[in-house]
Structures are given as structure tokens and as C-alpha cells.
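For reference, the structure discussed in these notes is given below.
No experiment lies behind these values; they were computed from the predicted model shown.
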Amino acid sequence: MRVKMECATAGRFFGPSSSRLSNPRRRRIVLNRNNGLSAHNLCSSSKFKIQAQTHLSSEVGIAKQGSLTDFGVQEFVWPSPTDEIPFWKKGFPSWDANLEVPSEVKKDSKLMHIIHVTAEMAPIAKVGGLGDVVTGLARACLSRGHRVDIMLPFYECIQREQIDDLTLITTYNSYHDGKWIPTHAYSGTVSGIPVIFIEPSHQFFKGQHVYGGSYNELEAYLFFSRACLEWMQVTGTQPDIIHVHEWQTGALPLLYWDMYHYLSLQKPRIVLTIHNMEHYGECRQEQLNMCGLDGSLYATFDKAVDDRTVGHNPERLSLLKGGIVYSNAVVTVSPTYLKETLCSGWLSNTLIRHRDKYVGIVNGIDTAMWNPSIDVFLPSKFHAQNSEGKKLCKYYVQRGLGLASRNHVPDTALKVPLVVCITRLVAQKGLHLIIHAIKQVEELGGQMVILGKAPDSRVESEFEGLVNLHNQGPSIRILLMYSEELSHLLYAAADFILVPSMYEPCGLAQMIGMRYGAVPVVRKTGGLADTVFDMDDEPNHEMANGFVFEGIDEGSLNRALGRAFACYRNKPDEWNGIVKKVMAVDNSWNNTAGKYIEIYESVRA
């Protein structure tokens with residue numbers, strides 16, 4: 001007999017322990033345990049109905065190589081673009097990714113205390129990939145047995161309910177511009193990672209966003225860099241490693257070696273990770289003076305002067321260059337990007353002089369946070385051994401964005417290749433190729449979704465014009481925003497993940513996409529060249545996992561998309577094999593963390 005189950009709570013997932021399902025008399029749905037679609041991972045925009053057998057055998061279900069209609073999705077009430085609340089803004093259950101850390105990770109024998117000093121951390125203060133990297137690396141090192149803390153500005157925009165056990169632990173004074181500023185340090189836990197939040201009593205870090213407040217950001221991060229070291233000194237904290245990230249904390253190595261190492265901090269050694277060489281932390285000498293250093297002492301070629309301003313009036317400093325010179329080890333986020341930075345850019349001379357301490361390590365992805373088999377944001381879970389649930393995710397997104405209507409036969413909509421591009425809309429990301437891809441995907445009979453924000457108002461205006469041109473049509477959706485929830489849904493729905501960057505230090509989108517069964521189409525540069533290998537490159541066929549192009553012209557992108565669409569449509573068995581292959585690729589932080597641990601070991605006191 002067939003039964004229907006209705007769920008009246010919008011967008012909720014009910015697990016086996018839910019009161020709705022705990023009563024056997026109310027547990028109206030039984031599904032094949034191996035089919036990737038269970039009672040606790042179905043969601044909808046308002047109410048949903050799902051028709052299911054009460055006596056399903058192992059021969060029935062998604063695992064059967066059939067269509068969505070084989071298991072009653074006609075009865076599913078799908079999201080719609082006309083819903084009052086968009087499908088990605090529905091209520092989702094809380095999810096502590098830390099609970100999913102694999103217990104089988106081998107513990108290291110020589111354990112260290114590592115403190116990350118950073119401007120970003122996912123998910124509470126995330127703007128780009130920096131936040132993902134800090135959280136993923138910290139979690140991986142914790143799982144290997146190390147003691148790890150993250151020090152983060154206590155931005156006004158941080159949602160305190162996302163922090164567990166938030167406690168004021170220290171009140172102290174930290175120097176800035178001739179004054180000692182009363183400062184609070186709070187401890188808390190975010191996704192299982194200990195975090196120390198630094199909150200000054202003046203205007204720094206106030207505002208509705210991580211960046212772009214009404215205060216001077218460079219001066220705020222100079223204050224933060226010293227405040228972190230001051231807290232370590234006040235509390236007697238002596239980590240083995242202080243790991244700083246990007247230009248925002250580039251002054252910390254200068255402050256450490258020229259001030260705090262002469263006071264009481266003897267044990268720590270400094271590691272700097274450069275995530276993007278295009279951000280230098282340009283700084284006037286008098287601004288560096290504000291944190292208590294004599295800025296004029298650093299205006300030399302071998303310290304922190306910005307080489308581009310030598311001979312100008314005034315000459316300027318670069319916090320990133322100072323960080324490179326003063327750190328014990330410098331890491332960038334892929335071997336290919338390392339080679340590119342040694343060969344181009346004004347910092348190449350500095351990097352060549354310090355080549356013996358400069359290393360390229362490909363980032364990992366946080367496989368606890370990005371895991372389609374447990375992802376609470378997905379209407380259906382799936383994994384490399386059974387990726388069928390991905391079809392439901394794709395159709396769910398197509399319906400929610402209006403790329404498929406209720407009149408569409410689900411299997412017809414699913415046959416349309418879906419290209420997703422999740423990115424910041426900046427020149428680095430290949431804006432002209434992204435715009436061209438819209439036209440090309442339409443011509444090829446595919447669909448495309450772009451999710452991203454443009455910090456430049458001119459770029460924003462251009463993309464708003466594209467929104468007006470395309471968003472009511474049948475194949476293109478451009479969403480000028482960032483949503484963590486929607487990004488999970490789009491990765492799960494995508495057939496292809498497009499990353500046409502002009503340069504890309506590492507890139508996370510292609511690795512996250514693969515984790516969710518989206519085959520990457522990328523330009524060969526930086527970390528993209530280290531993680532994606534072309535399907536038609538016969539000598540490297542074993543590593544092949546995507547479609548790669550080298551030129552920055554539209555024709556190069558056209559050929560890559562053409563090959564990708566032809567494989568999708570004309571070689572279904574090969575395509576299914578590629579999807580399984582990319583989902584099985586291990587881009588986890590555990591592998592990458594081991595390389596960082598080796599660097600920590602090589603410089604520790």
C-alpha cells in the first residue's frame with residue numbers, strides 16, 4: 001500500500017530522534033537504507049508530500065539506476081521562485097561540524113601549541129577563502145592532537161549565538177597611537193575550535209560587515225596585531241607557533257622580533273601564509289608608528305619598504321613584505337602559485353632573497369563542513385559510492401530558481417547541463433569570461449547560476465544589467481549576494497563548477513565542487529593547475545578530473561565548455577565515472593595539515 005507523509009513545518013529536516021518521527025505510529029515513511037534519501041534529509045519550502053512504499057525492498061529506491069519519478073517525486077511540493085521566503089533561507093537544524101571530525105586520524109607524536117592570528121574565520125567571520133582555510137587547517141591540526149587557538153577581532157557583526165561558551169577571560173590595555181586602550185579578550189568555541197576574540201573599547205571593528213567599517217582598517221589591524229602579542233605577554237601564553245595570515249597581520253612578525261621577543265615572549269616562532277599576493281598592506285611610516293614601532297627603521301629595501309615607491313615622496317611601507325622578511329617560514333597556497341610569484345610582481349625580488357624559507361602548499365577543504373553525505377542544507381544526501389541523491393538536489397534547485405517549472409518532466413530538466421559559478425565578482429576571477437560563459441552556456445543549451453558579490457560598484461552595476469536581461473528567462477540566474485546555505489545547495493546541484501580565473505593562488509571552489517560531484521571547468525593557473533587535470537590529456541589520464549583551458553580568450557573557454565557538454569551528453573557511462581572519480585578525490589585538510597606540521601617542526605624553538 002502507498003501512504004503520504006506531510007510535514008507542515010517549512011524547510012525543516014526531521015531526524016530519527018524528532019518527535020514527529022519517534023512515535024512508530026507516526027513514522028509513515030520507510031526507505032531503503034542505501035538509497036541516499038531518508039526521512040531525516042528531505043526538506044521543502046513550505047509543506048512536502050512524498051509518496052513511498054511501506055514495504056520497500058533492497059531492489060527499490062534511488063540506488064536503482066532510474067529516474068526521479070521512480071520514487072514518487074511527483075508528490076513532492078517543490079520550492080518556487082515566488083515563495084515568500086527563498087528556499088535557501090528556510091530554517092535548518094543546527095549543525096556542529098566538529099562532531100563529524102573523523103576519529104581515525106592518526107595523532108602526531110610531537111605535539112605543539114599553535115595560535116592562528118587572522119582577520120577571518122569560517123563561518124562566523126568569513127568573506128572569502130581565507131576564513132575557510134583558517135578553520136579547516138585549525139580543525140585538522142586539532143584532530144592530529146595539537147593544541148590550537150584562533151585569535152580573531154571581535155567584529156560587531158559576529159553573531160554571538162554562533163559561539164559556544166563565550167566568556168570574558170582577560171581585561172588588559174594594549175598600545176595604540178600614544179594611548180593604552182582598554183581591551184577585552186573573550187574565549188569561546190566555534191565548531192569545536194577554541195577562539196580568542198579581541199575587542200578594543202574604541203571604534204575599531206564596529207560595523208555591519210567584517211570589512212568596510214567607518215574606521216581605518218589598516219590602523220585597526222595594526223592595533224589587533226599588537227593586542228594579540230600583548231595578550232600573550234599579559235597571560236604568559238607561549239605557543240610554539242604563531243601562524244599569521246595575509247597583510248592584515250603582517251606587522252605581527254615585526255612587533256614580535258623587534259619588541260616582544262625582547263620582553264617576555266621567547267618561545268614562539270612565526271609562520272606567515274600568503275593567500276593572495278595582490279594585497280600588500282600599503283602603510284605610511286607614521287601609521288606603523290601607531291603600534292609603537294619606529295616606522296622609519298623599516299623603510300629600507302631589506303625590510304619593509306614598498307619597492308614600487310622607492311624614490312617617491314613619500315615612500316611607503318608594505319606590511320606583507322615586512323611579514324615575509326621577519327617570519328621564520330613563509331607559505332603560499334599552491335606550488336604553481338609559488339612559481340608564478342617568483343617570476344612576476346614587485347615582491348618577487350623579496351621572495352627570491354628568502355627562497356629558502358618559502359614553500360607552496362595546496363590548501364585543503366574542510367571535509368566536515370563540506371560533506372554531501374551529512375550536509376544539513378541539502379534536500380537529499382549523497383556520497384561517492386551512491387551519488388543518485390544529487391539528482392534530487394539539482395531538480396530542487398532548478399525548481400526553486402525557476403529553471404524548471406511544475407510543468408516540466410523532472411527527467412527532462414535533469415538532462416540539461418547545469419553550470420555553477422560561485423565567486424567574488426572581481427577582475428582576478430575572469431569577469432569577461434564569466435560574462436561570456438552566460439552567452440555560451442545558453443547557446444549550448446545548458447543552464448547557468450552565478451552566485452557572488454561585486455565590491456566595485458561599476459562591476460555591480462554591470463551585473464545588475466545582466467540580472468535584468470537574463471533572470472526572467474529559462475536558463476540563467478545571477479544572484480548578486482553571498483549565502484553559505486545557497487552555496488551548499490548549488491555545489492550539490494551543479495554538473496559543472498566554472499572557475500575561469502586570470503590568476504588563482506589556490507582556489508577552493510573547484511575542490512568543493514568535486515566533493516559534491518561537480519566536474520570543474522577551469523583555467524590553468526595557480527592552484528587550479530595543481531588540482532584539476534584535463535580529461536583529454538592522455539599521458540595523465542589517471543589524474544584526469546576536469547576540463548582545462550589555458551588562454552584568457554573567449555575561444556579557449558568555448559572549446560573547454562564544448563568538450564565538457566559533449567562528454568555530459570554523449571558519453572553517459574564515462575560521465576558517471578567522472579562524477580564518482582571527482583567525489584572520491586581526497587582534498588581534505590588532513591593531508592595538507594601534515595605538510596604544515598612539517599614546517600612548524602622545522603622552525604620551532
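Between Gln285 and Ser296, the shortest heavy-atom contact is OE1-CA, 3.2 Å. When every heavy atom of Leu451 is checked against every heavy atom of Ser483, the shortest pair comes out as CD2-O, 4.1 Å. Closest approach of Gly128 and Glu120 over heavy atoms only: N-OE1, 3.1 Å. Nearest approach of Leu317 to Val305, heavy atoms of both residues: CD2-CA, 4.0 Å. When all heavy atoms are compared, the tightest approach of Ala185 to Ile196 is CB-CG2, 4.3 Å. Scanning both residues, Ala454 and Val459, for their nearest heavy atoms gives CB-CG1, 3.7 Å.
Residues that satisfy the side chain to side chain donor-acceptor pair (under 3.5 Å) test with Asp302, not counting sequence neighbours, are Thr300. Qualifying salt bridge (charged side-chain N to carboxylate O under 4.0 Å, His left out) partners for Glu286, counting only residues two or more places apart in sequence or in other chains: Arg284. Taking Thr309 as the reference, nothing meets the side chain to side chain donor-acceptor pair (under 3.5 Å) condition, with sequence neighbours excluded. Remark: Arg424 engages no residue in a salt bridge (charged side-chain N to carboxylate O under 4.0 Å, His left out) (not counting sequence neighbours). Taking Arg160 as the reference, Glu199 meet the salt bridge (charged side-chain N to carboxylate O under 4.0 Å, His left out) condition, with sequence neighbours excluded. With sequence neighbours excluded, the residues that form a side chain to side chain donor-acceptor pair (under 3.5 Å) with Lys429 are Glu504. Every residue meeting the side-chain contact (heavy atoms from CB on, under 4.5 Å) condition with Ala138, not counting sequence neighbours, appears here in chain and number order: His116, Val148, Ile150, Ile193. Applying the side chain to side chain donor-acceptor pair (under 3.5 Å) test to Thr171 and every residue at least two apart in sequence or in another chain returns His184. For Tyr260, there are no ring-ring contact (aromatic ring centres under 6.0 Å, His included) partners two or more places apart in sequence or in a different chain.
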Give the table of side-chain donor-acceptor pairs shorter than 3.5 Å for residues 322-334, with sequence neighbours excluded, one pair per line with atom names and distance.
{"unit_1": "Tyr326", "atom_1": "OH", "unit_2": "Asp258", "atom_2": "OD2", "d": "3.1"}
{"unit_1": "Ser327", "atom_1": "OG", "unit_2": "Gly323", "atom_2": "O", "d": "2.7"}
{"unit_1": "Asn328", "atom_1": "OD1", "unit_2": "Ile270", "atom_2": "N", "d": "2.8"}
{"unit_1": "Thr332", "atom_1": "OG1", "unit_2": "Ile274", "atom_2": "O", "d": "3.0"}
{"unit_1": "Ser334", "atom_1": "OG", "unit_2": "Tyr337", "atom_2": "N", "d": "3.1"}
{"unit_1": "Ser334", "atom_1": "OG", "unit_2": "Pro505", "atom_2": "O", "d": "2.6"}
{"unit_1": "Ser334", "atom_1": "OG", "unit_2": "Gly527", "atom_2": "N", "d": "3.3"}

Return all side-chain donor-acceptor pairs below 3.5 angstrom for residues 172-180, not counting sequence neighbours, or 'none' if the list is empty.
{"unit_1": "Tyr172", "atom_1": "OH", "unit_2": "Ala227", "atom_2": "O", "d": "2.8"}
{"unit_1": "Tyr175", "atom_1": "OH", "unit_2": "Gly178", "atom_2": "N", "d": "3.1"}

**OP:** Could you please spell out the steps behind the side-chain contact (heavy atoms from CB on, under 4.5 Å) verdict for Arg604 and Met112?
**Re:** CA-CA 9 Å; Arg604 71 185 295 190; Met112 290 174 281; 3.3 Å; yes

**OP:** May I have the step-by-step check of side-chain contact (heavy atoms from CB on, under 4.5 Å) for Trp589 and Thr367, ending in yes or no?
**Re:** CA-CA 8 Å; Trp589 265 109; Thr367 51; over 6 Å; no

Original post:
Yes or no on side chain to side chain donor-acceptor pair (under 3.5 Å) for Glu246 and Tyr221, after CA distance, side-chain angles and deciding distance?
Top reply: CA-CA 11 Å; Glu246 293 288 68; Tyr221 289 115; over 6 Å; no

Original post:
Can you check side-chain contact (heavy atoms from CB on, under 4.5 Å) on Ile552 and Met502, steps first, answer last?
Top reply: CA-CA 7 Å; Ile552 63 172; Met502 295 297 95; 3.8 Å; yes

Subject >> Met481 vs Leu486, side-chain contact (heavy atoms from CB on, under 4.5 Å): CA-CA, chis, key distance, verdict >> reply: CA-CA 10 Å; Met481 62 179 186; Leu486 182 54; 3.5 Å; yes

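Here the straight-line distance linking atom CD of Glu601 with atom CG of Asp108 works out to 8.0 Å at 0.5 Å rounding. Going from atom CZ of Phe377 over to atom CG of Leu490 covers 13.0 Å, rounded to the nearest 0.5 Å. To the nearest 0.5 angstrom, Tyr298 atom OH is 4.0 Å from Leu293 atom CG.
Between Arg144 and Val105, the closest side-chain pair of non-hydrogen atoms falls below 4.5 Å. Tyr215 places a side-chain heavy atom less than 4.5 Å from the side chain of Glu217. Residues Ser225 and Leu255 meet the side-chain proximity criterion, which asks for heavy atoms closer than 4.5 Å. Using a 4.5 Å cut-off on side-chain heavy atoms (C-beta onward), Phe223 and Met290 make no contact.
For the side chain to side chain donor-acceptor pair (under 3.5 Å) condition, the pairs that include at least one residue of residues 341-354, sequence neighbours left out, are Thr341-Tyr358.
With respect to Lys126 and Asp132, a salt bridge is recorded, a charged nitrogen being found less than 4.0 Å from a carboxylate O. Under the 4.0 Å criterion applied to side-chain N and carboxylate O atoms, Lys267 and Asp240 are assigned as salt-bridge partners.
A donor-acceptor pair under 3.5 Å links the side-chain atoms of Asp530 to the main chain of Thr336, judged by distance alone. Looking at Thr525, its side chain never comes within 3.5 Å of a backbone N or O of Arg523 through a donor-acceptor pair. Put simply, the side chain of Gln510 gets close to the backbone of Cys506: a donor and an acceptor are under 3.5 Å apart. In terms of modelled atom types and a separation under 3.5 Å, the side chain of Lys89 and the main chain of Glu485 share no donor-acceptor contact. Remark: the backbone N or O of Ala140 is paired with a side-chain donor or acceptor of Ser143 at under 3.5 angstrom. At least one donor-acceptor pair under 3.5 Å links the side chain of Thr135 to the backbone N or O of Ala122. At distances below 3.5 Å, at least one donor-acceptor pair connects side-chain atoms of Tyr155 with backbone N or O atoms of Ala119. Of the possible polar contacts, none joining the Glu282 side chain to the Arg316 backbone as a donor-acceptor pair under 3.5 Å is found. Of the possible donor and acceptor atoms, one in the side chain of Ser318 sits under 3.5 Å from a partner among the backbone N and O of Tyr280. Proximity of a side-chain donor or acceptor of Trp247 to a complementary backbone N or O of Leu319 within less than 3.5 Å is not detected.
For the residue pair Glu484 and Tyr482, a side-chain donor N or O sits within less than 3.5 Å of a side-chain acceptor on the partner. Counting only N and O atoms by type, the side chains of Asp165 and Thr189 include no donor and acceptor under 3.5 Å apart.
Below 30°, between 30° and 60°, or above 60°: for Tyr516 and Tyr491 the angle between ring planes is between 30° and 60°, a tilted geometry. The aromatic rings of Phe224 and Phe205 sit perpendicular, their planes meeting at an angle over 60°, well past the 30° parallel limit.
At least one cation-pi condition fails for Lys453 and Phe463: the charged atom is not both under 6.0 angstrom from the six-membered ring centre and inside a 45 degree cone around its axis.
Aromatic ring centres of His243 and Tyr600 lie closer together than 6.0 Å. Aromatic ring centres of Phe197 and Tyr186 lie farther apart than the 6.0 Å criterion allows.
By the neighbour-count criterion of 12 heavy atoms within 6.0 Å, atom NE2 of His202 is densely surrounded, having more than that number from other residues, nucleotides or ligands.
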